[in-house]
Amino acid sequence: MITLHDIAYVRSGTADAATAVGFAVDVVGMELLGHEDGVWYLRADQRHHCLAFEEGEAGVLASGFSLADAEALADAENQLTAAGVTVVRGTPKQARSRRVEDFLAFDDPFGNRIELVTGQVQLARPPHFGRPAGITEFGHLCLDAPDVREAYRFWSTLFNIKVSDWIGELACLMRFDPVHHKLAVFRGSEPGLCHINFQVDSLDDVMRNWRFLQERGVEIEMGPGRHPQSTAIFVYFKGPEGLTYEYSYGVRRIEEPDWVPRVFDPSEPDAIDMWRGPTQRPSTQAQLHRALGA
Ligand SMILES: O=C(O)c1cccc(O)c1O
Ligand SMILES: [Fe+2]
């Protein structure tokens, strides 16, 4: 089993770097750490970057996950190869472009490019944020895949990944540490990046950001709302070239060794946002009957 240590970055192509980078700094609030050889590095926490824009065609290029060390990377290569997954080792130049010591790349069963990295550069000084959005860290990444169950099978058989919750066949929220999820897969017709999440410091930050986004005329995709799964309060918004960002606050941790994944019904209005549901959910059959006047 391959042990993922953390999420590392999302690497995305952009046909208009000035607009994509400008949005990430001026609207999302990230720090532009610099750019080199057509790659712009955006910082949100101690990672050198968690979002890299690479000049070229718009669209996600890769999602990076960090492993412990070189031995773990070599072992991962062997395990992936043994599982019939085609693995490509990164070159030193490509590793430098990612500010990692070494990495390998492969595609998930749907064509989402995944990179396993070691030695991602970490910076001691706090980020110089583009604006005070209250960002505390790169929280999670969400991929698209046509078959969420198959995606779960892939990740849970090869990696230290557990499912925290399902939203029917629509989504699978997965963890490899106590955070409720750092990897999610949502059903989509094509592989791709569903969204990138940033945790913020308070509920007030979510709401202040929502106001700021509205005043800037940024398209709010959903929220403010509250996810019944992680109980995080969230707002999703659209960036250039279809990149969806999410701020959220209060993601729960799962410390229980006997956690049983729940299955939320995607046809329910409150499946993703519990503030869209009834004000009071009857908690027992008797209450349900009374509520229904049975
Ligand atoms: O945080 C969550 O629970 C969550 C649930 C559904 C979809 C998401 O993007 C989430 O972050
Ligand atoms: Fe999310």
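Both counts, for ligands and for their atoms, begin at 1 and track the order of listing. We're numbering straight along the sequence, starting at 1.
Ring planes of Tyr236 and His227: perpendicular class, angle over 60° (limits at 30 and 60°).
In this structure the side chain of Arg98 reaches within 4.5 angstrom of the side chain of Phe103, judged on heavy atoms. Using a 4.5 Å heavy-atom threshold, the side chains of Thr244 and Cys194 count as separate.
Under the rule for a ring-ring contact (aromatic ring centres under 6.0 Å, His included), the partners of Tyr41 that lie at least two apart in sequence or sit in another chain are His48, His49. Annotation: ring-ring contact (aromatic ring centres under 6.0 Å, His included) contacts of Tyr245 (sequence neighbours excluded): Phe23, Phe237.
Under the side chain to side chain donor-acceptor pair (under 3.5 Å) test applied with His140, the options Arg175, His180, Lys182, His195 reduce to a single match, His195.
Each of His140, Ile167, Leu173, His181, Phe186, His195, His227, Gln229, Ser230, Tyr236, Glu246 has a non-hydrogen atom positioned under 4.0 Å from some atom of ligand 1.
We find that Asp270 and Arg276 are not joined by a salt bridge, their nearest charged nitrogen and carboxylate oxygen being 4.0 Å or further apart. Ion pairing of Arg47 with Asp45 is present here, as a side-chain N (NZ or NE/NH1/NH2) and a carboxylate O approach within less than 4.0 Å.
Looking at Arg131, its side chain does come within 3.5 Å of a backbone N or O of Val27 through a donor-acceptor pair.
Excluding water, every protein N/O/S atom under 2.8 Å from the Fe ion (ligand 2) is given here by residue and atom: His140 NE2, His195 NE2, Glu246 OE1.
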